[in-house]
Novice: 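Could you have a look at this structure, given as structure tokens, before my questions?
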Number of protein chains: 2
Amino acid sequence: MTARPGSWQAIEAEVLRRIHARDWPPGSAIPNEADLAQSFGVARATVNRALQSLAEAGILDRRRKAGTRVALHPVRRATLRIPILRHEVEAAGQPYACRLLARDEAPAPEVVTQALRLPSDAPLLHLRALHLAGGAPHALEERWVNAAAVPAILSAPLDTISANEWLVANAPFTSGDFSIAAANATTDEAAALACQPGAALVEVLRTTWDGARPITWVRLLHAPGYRMRMAL
Amino acid sequence: MTARPGSWQAIEAEVLRRIHARDWPPGSAIPNEADLAQSFGVARATVNRALQSLAEAGILDRRRKAGTRVALHPVRRATLRIPILRHEVEAAGQPYACRLLARDEAPAPEVVTQALRLPSDAPLLHLRALHLAGGAPHALEERWVNAAAVPAILSAPLDTISANEWLVANAPFTSGDFSIAAANATTDEAAALACQPGAALVEVLRTTWDGARPITWVRLLHAPGYRMRMAL
DNA sequence: AGGGTTATTATGTGCAGACATAATATCCCA
DNA sequence: TGGGATATTATGTCTGCACATAATAACCCT
């Protein structure tokens, strides 16, 4: 648990302790790296490593010449791990299955083409799939894939492997958006997810990009009772 | 945009490019640091910095002796910034207000005491507040604070400053849980949030700890239309 | 006093070398 | 052949040094 004395982790922990104990209250400047290094009896690089780690976590604000100060509003960040749905289900100890409900190349709604910044007549592959956990509906997936960016998807065995998983393995992306909201189940959605119409569902919207090329747009509707957990 | 040649960021970018270009496909081992350092013409420490950064991002798996390999399932992580509600509202360009609806020291429900791992008769301060954005309801906050851990809260001016903000400034925490779900508005909640009963609402549950001491439990119910955004 | 140039300073980062550590591979002996 | 001691190897990290960079402070000249 406790780091070896003199290690950058030990320095980090001690700095954190002082911040926490209000020795260095929020907004205050802390000694410079050289001084800290001397007082801790380590090299400046070691102090630098510790402080950079804390700065990356948002605990410290560092600016050249201005020095290092304790963040005034430690903007807490929660990191959400986004696993492949199959892994998520299996990690919960339940058998996973996926049923492809629809697959066509109809024109996409404006919402989708605009989110992907594509012309409204762009050729997109439309997929609808139901993810099952232990036989019960887990999530309803509505997806549009930019066929121009990922032509191989047109011949992928999407009845065997979920588009979710196929894309992760075959269409790397460099950036994306991710948003969460709540939605009342429509009658169609309720039928697919075996719940009451109007039930509150977690809705996840995601778009992914490979550089400037849009890859895919997904809307994931989770069955009632679903909860996304993350650590602070 | 492009990093200076020879910098660790440049190494990182090049490694990422090779992974991305499938020169080093998922699951494969990449050359060791010494070899990479030589081929890039930089010091091993520089390569190390680059690879550590990628490992922290989940792109690489590194193990002593075993070497470095491209992560098989690059578990994507989205980082969610959790601002103080006031800041969130003001950042959207709307005036913020907070109304304290209730403040008492009634015994807490089992759900709360269990989540905080406290005896069911522990003295907890109960608060209910409505956060407003531009006059319209933004979120309904239901909070229980461990008075034993943060005695100063009992004399805090919670009609002036939201408990949310007061705690961030006065009760640092070391760890916590954070989870998101969807809930149908009850009639009471609908009345407070000025929406229809049954409307789908984003529900955020949060508990925070200072080491082993529980600090607070919060349930935040966002008004309809709320959407949490994050970058991948 | 004002405004632009220059010095100062704290962080950012690179290098070479060294040792620590963990995980694996190998060897040796019963 | 099995199993435990030992060697090997790749990453982890510390040190001391150097220079780069950005931001601020100081200065100077008009």
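Every chain is numbered from 1 and lettered A, B, ... according to where its sequence line falls, protein lines coming before strand lines. As a basis for the values below, the full set of heavy atoms in this structure was taken, side chains included, without hydrogen atoms, waters or symmetry mates.
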Novice: Heavy-atom distance under 4.5 Å between the side chains of A/M230 and B/I180, does that happen here?
Specialist: yes
Novice: Could you tell me the boundaries of the chain A footprint on DNA chain C, defined by atoms under 4.0 Å from its heavy atoms?
Specialist: C/dT8 to C/dT13
Novice: Let me know which of A/I59, A/I30, A/I11 forms a side-chain contact (heavy atoms from CB on, under 4.5 Å) with A/L51.
Specialist: A/I30
Novice: Honestly, is A/R76 close enough over B/F178, meaning NZ or CZ under 6.0 Å from the six-membered ring centre and within 45° of the axis?
Specialist: no
Novice: Would you tabulate the side-chain donor-acceptor contacts of residues 110-119 of chain B under 3.5 Å, counting partners in other chains and residues two or more places apart, or write 'none'?
Specialist:
| unit_1 | atom_1 | unit_2 | atom_2 | d |
| --- | --- | --- | --- | --- |
| B/E110 | OE1 | B/Q114 | NE2 | 3.1 |
| B/T113 | OG1 | B/E110 | O | 3.1 |

Novice: Counting only heavy atoms and a strict 4.0 angstrom limit, can you tell me which residues of residues 31-48 of chain A come near DNA chain C?
Specialist: A/N32, A/E33, A/R44, A/N48
Novice: Check this for me: does any side-chain nitrogen of one of B/E33 and B/R62 sit under 4.0 Å from a carboxylate oxygen of the other?
Specialist: yes
Novice: Report the distance from atom CD1 of A/I11 to atom C1' of D/dT15, rounded to the nearest whole Å.
Specialist: 13 Å
Novice: I'd like to know if B/E203 pairs up with A/R227 as an ion pair, taking the criterion as any Lys NZ or Arg NE/NH1/NH2 lying under 4.0 Å from an Asp or Glu carboxylate oxygen.
Specialist: yes
Novice: At under 4.0 Å between heavy atoms, what does B/R69 touch on the DNA or RNA strands: base, sugar-phosphate, or nothing?
Specialist: nothing
Novice: Partners of A/S7 by side chain to side chain contact (heavy atoms under 4.5 Å, CB included), sequence neighbours excluded?
Specialist: A/A3, A/R4, A/Q9, A/A10
Novice: With a 4.0 Å cut-off, would you call A/R86 and A/E165 a salt bridge?
Specialist: yes
Novice: Listed in order of residue number, which residues of residues 50-65 of chain A have a non-hydrogen atom at under 4.0 Å from DNA chain C?
Specialist: A/Q52, A/R62, A/R63, A/R64, A/K65
Novice: Flag the pair A/H138 / A/Y226 as yes when their ring centroid distance falls below 6.0 Å, and as no otherwise.
Specialist: yes
Novice: Excluding sequence neighbours, so at least two apart, what forms side chain to side chain contact (heavy atoms under 4.5 Å, CB included) with B/A223?
Specialist: B/L193
